[in-house]
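Note that these values count all heavy atoms, side chains included, but never hydrogens, waters or copies made by symmetry.
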Amino acid sequence: MRNNKLGYIILSILCITLGCLIMYGVIYLFPNTIVKTVTEENKTVNVVDEGISEGINNIYNSVVVIETYKNNKVMSTGSGFAFKEDKNIIYILTNNHVVDGGTKVVLTLPNDEEVEAQLVGKDSYTDIAVLKIEKNNNLKVAKLSSSDNVKVGDTVFAIGAPLGKQFKSTVTRGILSGKDRLVETTSSNEELLMNVMQTDASINPGNSGGPLCDVSGNVIGVTSLKIVESSVEGIGFAIQIDDAVNYANSLIENGKIVRGYVGISMLNANETFQLMRNGITLDKNITDGV
């Protein structure tokens, strides 16, 4: 009887030790992925939690801090990323509101080197701007994906410089909360309607113009704005990378974005003086309208 108890104790210790070794081996060999299988009503769902450290490494050396100067003083800060290379030129994508109104733009590269950039073009309606510098080995071009390749609920992360250079290369993680959101915003005192993606990854002042990435570090959007209200948390927005690149290429090729327009003007039917100035006579029964 005593030998049986001793054998049972030894067997239990061996099983526990073996289990710990197996678990350690799984964690050592697959440190970034934990998969749990959940079965519900004969349907199997894999719940995956992936680390993003490798994705961060893929984008880290593509992101810059942007400081915009006016009268030799910093008037705004933001983020940007290298998205295109042509011969000896690297093009930087960012937001228009980061550089608008400035007379000089200075980039801080991932290795803390400071380089003055030249403005290629900017557009207030799309909130996109393009800068350029000479090719620099300390800055690599980011890998771009497509907003079509991500689904609502996918893990995403933003990287940039919230509050300036002190917090450069800050990473915030969340999910893609929505696609094709039409959001009203104001630029140069004009009301705009933007088609954007929504995320709950933290977007702070200084993140503007930085990349929103999938877990592999491929850029899917350009972080642009957030809802700032005391009762609202975790609602940030990014311009879809497909749209942003189209706008940016137009700025590179033309220095501006060329748009069509409808050639009509309108007057209120009750503005008698304006109607008279334009030689328009209306029936007395018409008191309102356009």
Using the side chain to side chain contact (heavy atoms under 4.5 Å, CB included) rule, take Cys213 and Phe157 through it: C-alpha gap first, then chi angles, then the decisive distance, then the call.
CA-CA 5 Å; Cys213 303; Phe157 69 89; 3.7 Å; yes
[atom1]-[atom2] distance between [X] and [Y], expressed to the nearest 0.5 angstrom:
X      : Y      : atom1 : atom2 : result
Ile280 : Leu267 : CD1   : CG    : 5.0 Å
Ile257 : Lys122 : CD1   : NZ    : 11.5 Å
Asp100 : Leu119 : CG    : CG    : 9.5 Å

Between Lys165 and Glu114, is there a salt bridge with N-O shorter than 4.0 Å?
yes
Lys168/Asp112 salt bridge by N-O under 4.0 Å criterion
yes
Heavy atoms from other residues, nucleotides or ligands near [atom1] of [X] exceed 12 (cutoff 6.0 Å):
X      : atom1 : value
Asp288 : CG    : no
Lys140 : NZ    : yes
Asn88  : CG    : no
Asn111 : CG    : yes
Asn71  : CG    : no

Would Lys256 and Asp123 count as a salt bridge (charged side-chain N to carboxylate O under 4.0 Å, His left out) if you check the C-alpha gap in whole Å, the side-chain angles of each, and the deciding distance to 0.1 Å?
CA-CA 7 Å; Lys256 61 181 180 179; Asp123 183 74; over 6 Å; no
Which pair of heavy atoms, one from Gly121 and one from Leu251, lies closest together, and at what distance?
O-CD1, 3.7 Å
Think Lys104 forms a cation-pi with Tyr69, using NZ or CZ under 6.0 Å from the six-ring centre and within 45 degrees of its axis?
yes
